[in-house]
Amino acid sequence: MTTIEHNLQSQHLRIREACQRFGRDPASVQLLAVSKTFGPDAVAQAVAAGQRCFGENYVQEGVDKILSLRASHPDVALAWHCIGPLQANKTRPVAEHFDWVHTIDRLKIAQRLSDQRPAHLPPLQVCLQVNVDGGANKSGVAPDEVAALAQAVAQLPRLTLRGLMCIPEPTSDFEAAKSIFESARDVFDAANASGLSLDVLSMGMSDDLEAAVAAGSTIVRVGRGVFGSRPLKA
Ligand SMILES: *Cc1c(COP(=O)(O)O)cnc(C)c1O
């Protein structure tokens, strides 16, 4: 068994145990393998172990990997999620190659992605990034601006608005982490109560996925837990 296969099994076990502990259906929590900084070979090992969805932060690195895996595994359908901050001048390759974007925080980016999404592809699946803990230099829309942005994004023809994503400051305090994730869940519930139909909460990473599952996460984004520690760059 490869290390990556072993790691994937451990992460699935963690998710199952968290679901059991917090009364969640394990089928309602998806493991997104965050492959940033790792090469196509590492992704291929994860694919061999059954993993199908991958998260990338850097647009060019992600597009290179998408094309590489498409060439090496033409018969395997993979889903690629862009989870890094997006600048307006980088939206085109994202619209053309990725399946998901988790980091929408302004209408202009969403409009560009919708305009640039090729007609032969299904709509791009998107989440709004919410700045749940108010970090001043953090990306993400303020919780009280989510409803208006969500209503506008939901109108765009080539996007499908699926939910919310957040990246709180890391903390080793489980209850503190859970309560921040619950504030994202509250924004999510309020958006749905106002008539949207969101079904995705992208939250939780290698160090805090249990707290995120406790608060209702449906996609946990795990990098180091699957691929091992990253070089210092990221
Ligand atoms: C890097 C990254 C992850 C994965 O982080 P790990 O701590 O390696 O699990 C998840 N989400 C985002 C947005 C990231 O940038």
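Indexing begins at 1, ligand by ligand and atom by atom, following the structure's order. This structure is a prediction, so every number in the text was calculated from the model and none was measured.
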(message) With a 4.0 Å cut-off on heavy atoms, is His102 in contact with ligand 1?
(response) no
(message) Between His102 and Leu128, is the side-chain contact (heavy atoms from CB on, under 4.5 Å) condition met? List the steps.
(response) CA-CA 6 Å; His102 291 217; Leu128 308 186; over 6 Å; no
(request) With Arg14 as reference, evaluate Gln11, His12, Glu17 under the side chain to side chain donor-acceptor pair (under 3.5 Å) test and give the passing residue. (result) Gln11
(message) I'd like to check which ligand 1 atoms, numbered from 1 as shown, lie under 4.0 Å from a non-hydrogen atom of Arg224.
(response) 6 (P), 7 (O), 8 (O), 9 (O)
(request) Could you verify whether a donor N or O on one side chain and an acceptor N or O on the other, from Thr91 and Gln116, lie under 3.5 Å apart? (result) yes
(request) Apply side-chain hydrogen bond (donor to acceptor under 3.5 Å, both in side chains) to Gln60 and Asp64, showing your working. (result) CA-CA 6 Å; Gln60 194 53 53; Asp64 290 347; 2.9 Å; yes
(message) Regarding Asp208 and Lys178, does a basic nitrogen lie under 4.0 Å from an acidic carboxylate oxygen?
(response) no
(request) Show which atoms of ligand 1 fall inside a sub-4.0 Å distance from at least one heavy-atom site of Val222. (result) 9 (O)
(message) Counting only nitrogen or oxygen atoms and a 3.5 angstrom limit, does Gly223 reach ligand 1?
(response) yes
(request) Go through ligand 1 atom by atom and flag the ones less than 4.0 Å from a non-hydrogen atom of Ile83. (result) 11 (N), 12 (C), 13 (C), 14 (C)
(request) To the nearest 0.5 angstrom, please state how far the CD atom of Glu210 sits from the CD1 atom of Ile15. (result) 9.0 Å
(message) Show the atoms of ligand 1 that are less than 4.0 angstrom away from any heavy atom in Lys36.
(response) 1 (C), 2 (C), 3 (C), 14 (C), 15 (O)
(request) Using a 4.0 Å heavy-atom cut-off, say whether Ile167 meets ligand 1 through its side chain, its backbone, both or neither. (result) side chain
(request) Could you tell me which atoms of ligand 1, counted from 1 in the order shown, lie closer than 4.0 angstrom to a heavy atom of Arg221? (result) 4 (C), 9 (O), 10 (C), 11 (N), 12 (C), 13 (C)
